[in-house]
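Everything below concerns the one structure shown next.
The basis for the numbers below is simple: all heavy atoms, side chains too, and nothing from hydrogens, waters or symmetry mates.
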Amino acid sequence: AVASVTPLDIDADVVASWLDRPLDLVEEHLRAAVAAGVLEVIDRRLCFRHALLARAAQADLLPGDLSRYHGLIADSLLGSASADLGQLAHHLEEAGRFEEAFEISVRAASDAAGPFGSIEAVAHYERAVRLAERADFVPPANVGSLDLAIRALECAFYVGDTVAAERFVGTALSQCDPSRDLDRWAVLTCRASELAWQNGSTERSTQLLAAAADALLNAGDDKSRAHV
C-alpha cells in the first residue's frame with residue numbers, strides 16, 4: 001500500500017524509511033509482490049503491473065497517511081536538482097501543500113512553454129489553474145488568476161490543444177468582469193467563439209461571437225471592435 005504512492009518508481013530504501021522497517025524485510029515483501037504479479041521490473045525500475053493494482057493498494061491507506069507519504073516524497077524531490085517538476089508538484093498537491101505546488105507549477109509551465117507553448121507546459125498550467133480555483137487556496141498577489149488563465153489559454157491554443165484551450169478561456173471569462181474591462185472580456189469571448197467552432201459547437205460559437213459584437217457596438221475601443 002505504501003509503495004502505491006510512487007507506483008512508477010518504487011524505491012525499497014524509501015519505503016523502508018517511511019515505515020521504519022528493516023530494508024531486508026521490505027525487500028522480501030516487494031519480491032513477494034513481484035512473484036504474485038502485482039509488481040514488475042521494467043528498465044531496472046520496480047513498478048506496479050497496472051494502475052488499477054496501485055489504486056487498489058492505495059485504498060488501504062488512511063487519508064492522513066497518504067498525505068504524509070506524498071509530503072515525504074515531495075521533500076525528497078525538493079532536495080534533488082534533477083527532480084521532475086511535474087511529479088514534484090503532484091506530490092505537493094496531494095500532500096495539501098497547495099502554495100508550493102502552485103509556485104512549482106507556474107514556474108514549470110513558464111519554463112516549458114517557451115515562445116510558442118508546449119504540451120508539457122499545458123499540463124503544468126492545468127494544475128496551476130486548478131489550484132487557483134480551489135476555495136481553500138488563495139494564489140499569491142503577484143500571480144493574478146485571470147492573467148494565469150489567459151497565459152494557459154494562449155499556450156494551449158499555440159500547440160493546438162483546443163479542448164484545454166476552451167476550458168482555460170471559460171476560466172478566464174468567469175474571472176473577467178465586462179463592466180470593468182469590456183474590451184478584454186469581448187476579445188476573450190471572441191476567442192471562446194473560435195474555440196467552440198473548432199470543437200464542433202457551431203451554435204454556441206455563433207452565440208458567443210454575437211454577444212461580443214453586441215457588447216462592443218456602442219462601447220469599447222477601435223482595436224477591440226476591429227478584432228471581434
Side-chain angles (χ1 to χ4, degrees), residues 1-20 26 30 39 41-48 50-51 53-55 57-59 61-145 147-149 151-156 158-159 161 164 167-168 171:
V2 174
S4 67
V5 182
T6 55
L8 300 179
D9 192 1
I10 300 167
D11 188 317
D13 287 306
V14 173
V15 174
S17 174
W18 290 347
L19 295 175
D20 193 22
V26 170
L30 293 176
L39 304 179
V41 178
I42 300 179
D43 295 331
R44 297 187 177 182
R45 295 194 310 171
L46 184 62
C47 57
F48 275 83
H50 195 283
L53 293 171
R55 291 176 189 170
Q58 199 171 100
L61 292 173
L62 295 173
D65 289 336
L66 188 56
S67 296
R68 182 165 60 88
Y69 292 138
H70 276 294
L72 290 170
I73 298 171
D75 288 336
S76 66
L77 291 174
L78 282 167
S80 171
S82 60
D84 181 287
L85 294 181
Q87 286 295 314
L88 173 56
H90 163 72
H91 289 298
L92 286 168
E93 181 182 8
E94 293 298 321
R97 292 158 60 175
F98 304 130
E99 184 175 350
E100 293 172 90
F102 180 81
E103 180 185 347
I104 292 292
S105 296
V106 171
R107 176 159 58 88
S110 180
D111 290 347
F116 304 111
S118 71
I119 296 297
E120 181 186 353
V122 171
H124 292 306
Y125 274 126
E126 289 269 18
R127 176 177 290 106
V129 170
R130 182 176 68 247
L131 286 166
E133 291 181 309
R134 289 187 64 96
D136 56 352
F137 171 68
V138 178
N142 64 330
V143 183
S145 297
D147 289 338
L148 174 66
R151 280 154 51 193
L153 157 65
E154 295 305 321
C155 178
Y158 286 147
V159 300
D161 189 343
R167 286 198 302 271
F168 291 141
T171 299

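Across every non-hydrogen atom of Phe102 and Pro139, the tightest pair is CZ-CB, 4.0 Å. In terms of heavy-atom proximity, Ala74 sits nearest to Leu92 at CB-CD2, 3.6 Å. The two residues Ala89 and Ile104 have their closest heavy-atom pair at CB-CG2, 4.0 Å. Smallest separation of non-hydrogen atoms from Thr171 and Ala149: CG2-CB, 4.0 Å. Across all non-hydrogen atoms, the minimal contact from Val159 to Ser118 is CG1-N, 3.3 Å. The minimum heavy-atom distance linking Ala83 with Leu77 is given by the pair CB-O, 3.3 Å.
Heavy-atom neighbours of Asp20 CG from other residues, nucleotides or ligands within 6.0 Å: at or below the threshold of 12. Crowding of Phe137 atom CZ: a count of heavy atoms from other residues, nucleotides or ligands under 6.0 Å exceeding 12. Within a 6.0 Å sphere centred on CD of Glu99, heavy atoms belonging to other residues, nucleotides or ligands number 12 at most.
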| Test log, rule side chain to side chain contact (heavy atoms under 4.5 Å, CB included), inputs Tyr125 and Leu148 | CA-CA 8 Å; Tyr125 274 126; Leu148 174 66; 3.9 Å; yes

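Within the model, atoms CG of Leu46 and CG of Leu39 stand 5.0 Å from one another, a figure rounded to the nearest 0.5 Å. Taken from OG in Ser105 to CD in Glu126, the straight-line distance is 11.0 Å, to the nearest 0.5 Å. The line from CG of Asp147 to CG of Asn142 is 11.0 Å long, rounded to the nearest 0.5 Å. Atom CD1 of Ile119 is separated from atom OH of Tyr158 by 15.0 Å, given to the nearest 0.5 angstrom.
Residues Arg167 and Val129 are not in side-chain contact: their nearest non-hydrogen atoms beyond the backbone lie 4.5 Å or more apart. The shortest distance between side-chain heavy atoms of Glu103 and Val143 does not fall below 4.5 Å.
Between the side chain of Ser67 and the backbone N or O of Pro63, at least one donor-acceptor pair lies under 3.5 Å.
Counting only residues at least two apart or in different chains, salt bridge (charged side-chain N to carboxylate O under 4.0 Å, His left out) contacts with residues 73-95 comprise Asp75-Arg97, Glu93-Arg127, Glu93-Arg130.
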